[in-house]
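Since we're looking at a predicted model, the values are computed, not measured.
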Amino acid sequence: METSQPTKVTVLAVIQAPVEKVWRYWTEPDHITKWNQASEDWHAPRAENDLRVGGKFLTRMEAKDGSMGFDFGGVYDVVNQHEAIGYTMEDGRRVDIAFVDQGNETKVIETFDAERSNPVEFQQAGWQAIMDNFKAYTEQN
């Protein structure tokens with residue numbers, strides 16, 4: 001039986017903030033609930049984060065009208081403060097995030113294994129929308 005490698009998808013943003021702030025806003029549950037949605041009709045009412053290798057995270061994502069929702073979670077494989085986070089999602093897919101310190105701005109590069117149910121372009125657009133929300137939230141707060 002042949003197994004194919006998952007398609008890797010990358011999204012990124014350059015945030016006008018130092019890496020310490022970007023890291024904090026990316027990892028603290030109080031902040032995660034403010035930016036972790038792909039569109040205005042969704043929200044993240046709850047987030048939990050045990051930021052250490054072997055630690056778990058979970059973000060509840062729901063449509064604001066209550067019509068649907070899901071838990072997004074995984075286990076950390078890599079945690080290098082202010083530099084990198086890697087985790088494995090509950091379905092076995094991998095995500096790697098690099099935080100590139102550029103002084104008063106930080107480049108965040110997120111690469112994830114695409115799932116097979118939806119077109120890659122759809123997934124990239126959704127993850128990029130979340131990244132764009134993160135950028136806007138971090139720069140405005």
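- Residue L58 holds its CG atom at 7.0 Å from CD of E90, rounded to the nearest 0.5 Å.
- Ring centroids of Y25 and W35 are separated by 6.0 Å or more, keeping the two rings apart.
- Here the straight-line distance linking atom CD1 of I97 with atom OG1 of T27 works out to 10.5 Å at 0.5 Å rounding.
- A donor and an acceptor atom, one from each side chain of N36 and Y137, are nowhere located under 3.5 Å apart.
- Annotation: the span from Q123 atom CD to R116 atom CZ amounts to 10.5 Å, rounded to 0.5 Å.
- Atom NZ of K21 has more than 12 heavy atoms from other residues, nucleotides or ligands within 6.0 Å.
- Neither M89 nor I109 shares a network with the other; the hydrophobic side chains, linked directly or stepwise wherever heavy atoms of I, L, V, M, F, W or Y lie under 4.5 Å apart, form separate groups for each.
- At least one donor-acceptor pair under 3.5 Å links the side chain of N133 to the backbone N or O of Q37.
- Cluster membership check: L51 does not share its hydrophobic cluster with V78, using side-chain heavy-atom separations under 4.5 Å among Ile, Leu, Val, Met, Phe, Trp and Tyr.
- Clustering ILVMFWY residues whenever any of their side-chain heavy atoms sit less than 4.5 angstrom apart, transitively, puts V95 in the very cluster that holds F70.
- In this structure, CG on N118 lies 13.5 Å from CD on Q124, to the nearest 0.5 angstrom.
- Residue A44 comes nearest to T59 through the heavy atom pair CB-CG2, 3.8 Å, listed as atom of the first residue, atom of the second, then distance.
- Between Y76 and D50, the closest heavy-atom pair is CD1-O, 3.5 Å.
- The closest side-chain donor-acceptor pair between D77 and T88 falls under 3.5 angstrom.
- Hydrophobic clustering places V79 together with V108 (ILVMFWY residues linked when any side-chain heavy atoms are closer than 4.5 Å, directly or through intermediates).
- Checked by atom type and distance alone, the side chain of R94 pairs as donor or acceptor with a backbone atom of Y87 at under 3.5 Å.
- Considering every non-hydrogen atom in both G126 and A38, the closest pair reads O-CB, 3.8 Å.
- Among all heavy-atom pairs drawn from A114 and P6, the shortest one is O-CB, 4.5 Å.
- For the atom pair CZ (F99) and CD (E20), the distance works out to 12.0 Å, reported to the nearest 0.5 Å.
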Between side-chain atoms of residues 7-18 and protein atoms elsewhere (two or more places apart, or another chain), which donor-acceptor pairs fall under 3.5 Å?
from, atom 1, to, atom 2, distance (Å)
K8, NZ, D113, OD1, 2.8
T10, OG1, T111, OG1, 3.0
Q16, NE2, E105, OE1, 3.1

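- Between I85 and W23, the closest side-chain pair of non-hydrogen atoms falls below 4.5 Å.
- Follow the hydrophobic side-chain contacts under 4.5 Å out from I130 and you reach M68 in the same cluster.
- Applying the salt bridge (charged side-chain N to carboxylate O under 4.0 Å, His left out) test to residues at least two apart or on different chains, none of the pairs has a partner in residues 22-42.
- No donor-acceptor distance shorter than 3.5 angstrom exists from the side chain of E62 to the backbone of P45, with no hydrogens or angles considered.
- When all heavy atoms of W42 and K64 are compared, the closest pair comes out as O-CE, 3.4 Å.
- Once rounded to the nearest 0.5 Å, the distance linking CD1 of I32 with CZ of R60 reads 16.0 Å.
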*Please lay out, stage by stage, how W26 and E110 fare under the test side-chain contact (heavy atoms from CB on, under 4.5 Å).*
CA-CA 12 Å; W26 188 273; E110 185 173 30; 3.8 Å; yes

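- Under the 30°/60° scheme for interplanar angles, the aromatic rings of F57 and F72 are found to be tilted.
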